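Okay, structure first, notes after.
Just so it is clear, the model here is predicted, and its values are computed rather than measured.
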Amino acid sequence: MSDEQARDELSERLKAFEGRPAALAGVGKDPVNAPMIRHWCEALGDTHPAYTGPDAIAPPTMLQVWTMGGLSGHPGRTGAYEELLGLLDAAGCTAVVATDCEQEYPRPLRPGEEVAFDMVIEEVSGRKTTRLGTGYFITTRTEVRVAGEPAGVHRFRILKYAPAPRRSQEPRQHRQGSESRQRRQGSEPRQSRHRQDPESPKPLRPRPVVNRDNAGFWQGVAERRLLIQRCTACGTPRHPWLPGCNACGGLGWDTVEASGEGTVYSYVVVHHPPVPGFDLPYAVVLVELAEGVRMVGNVVGVPYDEVRIGMPVRAGFRRVDEELTLPVFQPVTETAPMTETTAVPAVER
């Protein structure tokens, strides 16, 4: 059997798992409870009053919390999901990474309620090749109920893949010995594949994830406009973009074009690991904008080791490549304040 035939046969076997139940009549190990809600809100800094008091509800994004089985798992598991993962393990797809999730909230959950759920293997993709390696995306759908009433839907997607080979995994001692032998023989050692050939094109930066919730923000960036959401019920601005207001729970919103002025609230300097499209080291900043929201971005126009908390900055836009424009931040100084004409220009690379 050829490699292509083997891959086709594997794909057919994987597709047969679509629609199979992964958990039936599962029951949450604990009722929805106030202590877990409090821990969640404290960890995320969420002070919304709806999550405290006698009429409290659970934050909607806690949906998966109430169905998690912990280390001992759930008795309602059918074994189909484990069988699917085992089949991929046997095919060499031994690594896994969570990629994204989607949730729906038909009704709020309240302390004391017992949740029940069913989980189905909704989709297994065809063979995909990514920077991490080649494998298959698996999507499960969990439907949550309270007393038979729909209370939520949770879709969770992972990539099960065979890691791409990396020369850097070769033992250091072996590499050094090989290079030493080449020098003694009068030849130059081979260059590491992680060193950028000056004549080869620079790798593209990773693309931002654009979905139905944040598409308006990225459309604004493409138009050189920094847009933040504003709740039409209470007027609270928010970022990143979300379906609802975290202050009042309202679902209506409009946008405000930010001035771009702000200060560095926090920052980190990235030294490792190397990421395609980035030159190490570089600074990533969390900027508190004048409108009251915070935004993450790169800082330009200043050495990474001179970035400081409280540094005044202003947003601009950098054209990273032909398809991607990103908002960036540049320091504003008393001697050279940024204006509309000195704001970060589009940069061709």
Side-chain angles (χ1 to χ4, degrees), residues 1-29 60-107 109 114-166 169 206-207 209-213 215:
M1 180 183 298
S2 68
D3 290 344
E4 184 175 354
Q5 290 174 325
R7 288 195 294 267
D8 290 344
E9 181 182 341
L10 175 62
S11 294
E12 290 180 6
R13 296 178 65 187
L14 296 175
K15 279 291 183 182
F17 281 86
E18 292 185 345
R20 290 182 59 180
L24 289 172
V27 177
K29 289 197 167 183
T61 50
M62 287 187 73
L63 182 65
Q64 187 186 20
V65 171
W66 314 117
T67 64
M68 297 180 77
L71 296 178
S72 57
H74 272 298
R77 304 282 291 201
T78 65
Y81 193 66
E82 288 72 19
E83 183 183 348
L84 171 60
L85 298 185
L87 183 60
L88 287 166
D89 283 337
C93 299
T94 55
V96 63
V97 62
T99 60
D100 63 289
C101 74
E102 300 176 10
Q103 294 184 336
E104 301 173 17
Y105 314 116
R107 53 151 287 186
L109 294 173
E114 301 270 359
V115 302
F117 63 92
D118 295 315
M119 183 168 68
V120 65
I121 301 169
E122 187 172 62
E123 182 181 15
V124 182
S125 75
R127 186 169 179 266
K128 304 291 184 180
T129 298
T130 72
R131 287 186 180 275
L132 293 175
T134 299
Y136 301 82
F137 289 94
I138 303 171
T139 305
T140 56
R141 185 183 75 252
T142 303
E143 297 183 354
V144 181
R145 303 177 303 280
V146 173
E149 180 184 0
V153 177
H154 176 77
R155 285 183 174 83
F156 191 70
R157 188 172 293 108
I158 65 170
L159 172 64
K160 196 82 166 68
Y161 65 99
R166 296 177 58 186
Q169 294 174 345
R207 271 34 197 167
V209 176
V210 180
N211 54 40
R212 61 186 178 185
D213 292 329

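- Proximity of a side-chain donor or acceptor of K160 to a complementary backbone N or O of Y136 within less than 3.5 Å is not detected.
- For R13, the CZ atom is loosely surrounded, since the number of other residues' heavy atoms within 6.0 Å does not exceed 12.
- Screening E83, E82, E122 for a salt bridge (Lys or Arg N to Asp or Glu O under 4.0 Å) with R20, the sole residue that qualifies is E83.
- R77 contributes atom CZ, which lies 4.0 Å from atom CE of M119 (distance to the nearest 0.5 angstrom).
- With respect to the salt-bridge test (charged N to carboxylate O, under 4.0 angstrom), the residues D100 and R155 do not qualify.
- Salt-bridge annotation for E12 and K15: absent, with no side-chain N of the basic residue lying under 4.0 Å from a carboxylate O of the acidic one.
- The minimum heavy-atom distance between P163 and G92, with the atom names listed, is CD-O, 4.5 Å.
- T99 contributes no side-chain N or O that, together with a main-chain N or O of L159, makes up a donor-acceptor pair within less than 3.5 Å.
- No more than 12 heavy atoms of other residues, nucleotides or ligands lie within 6.0 Å of CZ in R131, so this atom counts as exposed by the packing criterion.
- Taking OG1 from T140 and NE2 from H154, the interatomic distance works out to 6.5 Å, rounded to the nearest 0.5 Å.
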Q: For the pair V153 and E102, evaluate side chain to side chain contact (heavy atoms under 4.5 Å, CB included) and give the outcome as yes or no after the intermediate values.
A: CA-CA 8 Å; V153 177; E102 300 176 10; over 6 Å; no
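- Going from atom CZ of F117 over to atom OG1 of T67 covers 5.5 Å, rounded to the nearest 0.5 Å.
- When side chains are defined from C-beta on, L63 counts as touching L109, because their heavy atoms get closer than 4.5 Å.
- Scanning both residues, P21 and T78, for their nearest heavy atoms gives O-OG1, 2.6 Å.
- In this structure, CG on L10 lies 7.0 Å from SG on C93, to the nearest 0.5 angstrom.
- Taking CG of L88 as the start and CZ of F17 as the end, the distance is 8.5 Å to the nearest 0.5 Å.
- When all heavy atoms of I158 and Y81 are compared, the closest pair comes out as CD1-OH, 3.3 Å.
- A heavy-atom distance below 4.5 Å is not found between the side chains of M68 and K29.
- A donor-acceptor contact shorter than 3.5 Å is absent between the side chain of Q103 and the backbone of G152.
- Here the shortest heavy-atom pairing between I121 and V124 reads CG2-CG2, 4.1 Å.
- One distance of note links CD1 of I138 with CD of E123; it measures 11.0 Å at 0.5 Å rounding.
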